[in-house]
Novice: 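Can you read through this structure? Questions will come right after.
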Amino acid sequence: MITIKSEREIELMRQSGKLTAMVLDMLEEEIRPGMTTKQLDRMAEEFIRDHHGVPSFLNYAPKGDPDVTPYPAALCVSINEEVVHGVPSDRRIVREGDIVSVDCGVYKGGYHGDAARTYVLGSIDEKVQQLVDVTRECLDLGIAQAIEGNRLHDISAAVEGHARSFGFSVIENMVGHGIGSELHEDPPVPNYGRRHTGVTLREGMALAIEPMIALGRSRRAVSRKGGWVAVTEDGKPSAHFEHTVIVRPGQAEVLTLSLRERNVA
Ligand code: MF3
Ligand code: CO
């Protein structure tokens, strides 16, 4: 069931969304080659709690998969060929030349915010930089379709079309989602699909739109049994950006803009 959020609920979601963005802004300043992914996670959790939030991902357990243990961290930190759900570890070091996708969820005031960005560490391969830029553009193009009266897969088709026009592949077995008092609500928001199909979007729907795009040919992110991290099948790099948005007439309201983006908007 897709819920429509009231303006009162949306005001609360603005606050959890803003804190989510602040975490990613803080990490963008702090991340450096040589740090462990666990250090990033600790900084994020402390920041969230200092701001009276709770990490949404910590202890999250997907329904109906007994093989997977509850998620043990505040962040997902996924490096290079890792698509999503990289579990922070004190043995995993981020290095110059890596792309590092950081996904963060914050629960505050009864509602979740969810956002992700792929950070680039130092100088990287030109093609990989293009992957990161295009994935970011895919998110913007998807958000531009999240308006009242459009259909759900208008978002999906916009993401897919842009990625494919560069020869990149869309990860099809991981999707965005509705969001609100639960981290994952209806509807699933795939990153591929046909225009003018899917449910009609209504003002007040809250969506986490999250393109995961890879170099190479992998269309799936695969995990080992019982493990969280999901990687491309061919080992090629993958990028991930995510915003939490509210469907509005004419233009979506983005709840997880970085403070930098807010000031130029
Ligand atoms: N943004 C991702 C999602 O919405 C992160 C979930 S991580 C988990 O699926 F630990 F909560 F599963
Ligand atoms: Co999400």
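Just so you know, these numbers come straight off a predicted model, no measurement behind them. Below, all heavy atoms of this structure are taken into account, side chains as well, without hydrogens, waters or symmetry copies. First listed ligand is number 1; within each ligand, the first listed atom is number 1.
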Novice: Only heavy atoms of Asp114, strictly under 4.0 Å: list the atoms of ligand 1 that pass.
Specialist: 1 (N), 3 (C), 4 (O)
Novice: Return the residue, atom name and 0.1 Å-rounded distance of the protein heavy atom closest to atom 1 (N) of ligand 1.
Specialist: Asp103 OD2, 2.6 Å
Novice: Using a cut-off of 2.8 Å, how many protein N, O or S atoms sit around the Co ion (ligand 2)?
Specialist: 4
Novice: Between Thr197 and His153, do the side chains contain a donor N or O and an acceptor N or O under 3.5 Å apart?
Specialist: yes
Novice: Is the ring pair Phe166/Phe168 parallel, tilted or perpendicular, if the boundaries are 30 and 60 degrees?
Specialist: parallel
Novice: Does at least one non-hydrogen atom of Leu183 fall below 4.0 angstrom from an atom of ligand 1?
Specialist: yes
Novice: In the protein, what heavy atom is nearest to atom 7 (S) of ligand 1, and what distance, to one decimal place, separates them?
Specialist: Cys76 SG, 3.5 Å
Novice: What atoms of ligand 1 come within less than 4.0 Å of a heavy atom belonging to Trp228?
Specialist: 12 (F)
Novice: Going by side-chain contact (heavy atoms from CB on, under 4.5 Å), Val100 matches just one of Thr37, Val120, Val94. Which one?
Specialist: Val94
Novice: Among all protein heavy atoms in this structure, tell me which lies nearest to atom 12 (F) of ligand 1, with the distance rounded to 0.1 Å.
Specialist: Tyr60 CD2, 3.3 Å
Novice: Which residue supplies the protein heavy atom nearest to atom 10 (F) of ligand 1, what is that atom called, and how far is it?
Specialist: Tyr71 CG, 3.1 Å
Novice: Is the CD atom of Gln129 crowded by more than 12 outside heavy atoms at less than 6.0 Å?
Specialist: yes
Novice: Is it true that the side chains of Ser78 and Ser101 contain a donor and an acceptor less than 3.5 Å apart?
Specialist: no
Novice: Run the side-chain donor-acceptor check on residues 199-208: report pairs under 3.5 Å with partners two or more places apart or on a different chain.
Specialist:
| unit_1 | atom_1 | unit_2 | atom_2 | d |
| --- | --- | --- | --- | --- |
| Glu203 | OE2 | Arg248 | NH1 | 2.9 |

Novice: For Glu242, counting its heavy atoms only, list the atoms of ligand 1 lying under 4.0 Å from any of them.
Specialist: 1 (N)
Novice: Using a 6.0 Å cut-off, check whether atom CZ of Arg49 has over 12 heavy atoms from anything other than its own residue.
Specialist: yes
Novice: I'd like to know whether CD of Gln251 has more than 12 heavy-atom contacts from other residues, nucleotides or ligands below 6.0 angstrom.
Specialist: no
Novice: Between Leu58 and Val102, is there shared hydrophobic-cluster membership here, with clusters defined by ILVMFWY side-chain heavy atoms closer than 4.5 Å?
Specialist: no
Novice: If you measure only the distance, is there a donor-acceptor pair under 3.5 Å linking the side chains of Lys18 and Gln15?
Specialist: no
Novice: Could you find the nearest protein heavy atom to atom 3 (C) of ligand 1 and give me its residue, atom name and distance?
Specialist: His184 NE2, 3.2 Å
Novice: Check the angle between the aromatic planes of His112 and Tyr107 and answer parallel, tilted or perpendicular using the 30° and 60° thresholds.
Specialist: tilted
Novice: Considering only protein heavy atoms, which is closest to atom 4 (O) of ligand 1, and at what distance to one decimal place?
Specialist: His177 NE2, 2.7 Å
Novice: Give the numbers and elements of all ligand 1 atoms closer than 4.0 Å to a heavy atom of Glu210.
Specialist: 1 (N), 2 (C), 3 (C), 4 (O)
Novice: Does atom CZ of Arg164 have more than 12 heavy-atom neighbours from other groups under 6.0 Å away?
Specialist: yes
Novice: Under 4.0 Å, counting heavy atoms only: does Met174 come that close to any atom of ligand 1?
Specialist: no
